[in-house]
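The next block holds one structure in the form of structure tokens; read it before the comments.
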Amino acid sequence: MKLATWNVNSLGVRLPQVLDWLTANPVDVLALQELKLTDEKFPADAFTAAGYHAHWFGQKTYNGVALLSRTPATDVIKNIPGFDDDMSRVITGTVDGVRVIGAYFPNGQEPGSDKFEYKMEWLTALRRWVKEELAAHPKLVLMGDYNITFDEDDVWDPANLEGTIHCTEEERYHLRALIALGLTDSHRLFEQPAKSFSWWDYRDAGFRRNRGMRIDHILVSHALRPSVTACTIDKTPRKNERPSDHAPVVVDLVP
DNA sequence: ATGCCGGGAGATTCCCGA
């Protein structure tokens, strides 16, 4: 079983690339973030034709998430129960016995800003809810655009970016607290190339110079951890014309 | 040079992302 996450930065623009990628990488589950379109504009027919069931939770201009799967997802939930939020950031479903949470974590903009405070509140609410989901569904995957780096290995210039957004101690505390619920970072279960990133700024030739960060993660529960055989970042679509600024991350599970 | 690129809204420039 292969599961993947990809922030596509506008599904309206990126749909052809997503379909091409699925043809080349027929994963069982794909979580998408930053659809940037309303529900009625979601291209459900294109995904049906590609052999995928889809659930989506759109929003105009910003945010928006979807969950695609080869077999139908059940028990689908949108956003974080009990957390009032006017942004579409989370979609959850059970696929082939695995509870899959796809999430677009808040950016936070700048430490100390209102958006940063919202990010902290959102992270607290997410953790409370994921704890409950884990208790109910031991086989769980939490994947998406976390907008948080674990440590300096996830940052192209850690000295200069220390304490800036995605690299603050407050954000990393929340990421470690998610791990402490009983989750593991799939990426670091395996040897990875040095300076493995999942996002590169469009500006200043970020991708060509590998000036990026690893902020897209696939966390797996302890019950699934022994099943994980690989975790890779696919930089191929970042080389497309008009690419997303994020690359897909893929995890392989054996039954 | 995060005033740098790119998407969206919708207006001829802005907000936002990371």
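So you know, we letter chains A, B, ... as the sequences are listed, proteins then strands, and number each from 1.
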Distance, rounded to the nearest Å, where [X] contributes [atom1] and [N] contributes [atom2]:
| X | N | atom1 | atom2 | value |
| --- | --- | --- | --- | --- |
| A/R89 | B/dC16 | CZ | C1' | 11 Å |
| A/Y118 | B/dC16 | OH | P | 14 Å |
| A/M213 | B/dA18 | CE | C1' | 6 Å |
| A/E110 | B/dG17 | CD | P | 12 Å |
| A/I148 | B/dA18 | CD1 | P | 12 Å |
| A/D157 | B/dA18 | CG | C1' | 15 Å |
| A/W200 | B/dG17 | CH2 | C1' | 16 Å |
| A/H246 | B/dG17 | NE2 | P | 11 Å |

Looking only at side-chain N and O atoms, does [Y] offer a donor or acceptor that is under 3.5 Å from a partner on [X]?
| X | Y | value |
| --- | --- | --- |
| A/S198 | A/D216 | yes |
| A/E171 | A/T168 | yes |
| A/R225 | A/T184 | yes |

[X] has a side chain; which of [options] sits nearest to it?
| X | options | value |
| --- | --- | --- |
| A/D245 | B/dA18, B/dC16, B/dG7 | B/dA18 |
| A/R203 | B/dA9, B/dG7, B/dA18 | B/dA18 |
| A/K60 | B/dG7, B/dA18, B/dA9 | B/dA9 |

For this output row, return yes or no: ring centroids of [X] and [Y] closer than 6.0 angstrom.
| X | Y | result |
| --- | --- | --- |
| A/H217 | A/F150 | yes |
| A/F105 | A/W122 | yes |
| A/W6 | A/W21 | yes |
| A/Y202 | A/F207 | no |

Given Watson-Crick or G-U pairs with both distances under 3.5 Å, what dot-bracket string fits DNA chain B, with | for other-strand pairs and [ ] for crossing?
-> ....(((((...))))).
Hey, does the Lys NZ or Arg CZ of A/R214 hover above the aromatic six-ring of A/F197, less than 6.0 Å from the centre and inside 45° of the axis?
-> no
With the 4.5 Å side-chain cut-off for hydrophobic clustering, are A/L142 and A/V95 part of the same group?
-> no
Can you tell me if [X] touches the phosphate of [N], counting only side-chain N or O atoms and a distance under 4.0 Å to OP1 or OP2?
| X | N | answer |
| --- | --- | --- |
| A/N9 | B/dG7 | no |
| A/Q109 | B/dA18 | no |
| A/R242 | B/dC5 | no |

Please evaluate the base of B/dA18 for a donor-acceptor partner in the side chain of A/N107 within a cut-off of under 3.5 Å?
-> yes
Distance between P atoms of B/dG10 and B/dC16 (Å, rounded) = 14 Å
P-based separation of B/dA1 from B/dT13 [nearest Å] | 27 Å
Could you check whether [X] gets within reach of a base, just the sugar-phosphate, or nothing at all, counting any heavy atom under 4.0 Å?
| X | answer |
| --- | --- |
| A/D201 | base |
| A/R211 | nothing |
| A/K115 | sugar-phosphate |
| A/N63 | nothing |

Assert: residue with more 5' nearest nucleotide on DNA chain B, out of A/Y202 and A/F105, is A/Y202
Between A/Y104 and A/W156, whichever has its closest DNA chain B nucleotide further toward 5' is A/W156
Apply the test side-chain hydrogen bond (donor to acceptor under 3.5 Å, both in side chains) to residues A/R127 and A/H174: give CA-CA distance (whole Å), side-chain angles for both, the deciding distance (0.1 Å), then the verdict.
-> CA-CA 8 Å; A/R127 184 166 73 252; A/H174 279 282; 3.0 Å; yes
Would you check if A/N147 and A/W199 make a side-chain contact, meaning some heavy-atom pair closer than 4.5 Å?
-> no
For DNA chain B, what residues of residues 32-45 of chain A have any heavy atom nearer than 4.0 Å?
-> A/E34, A/K36
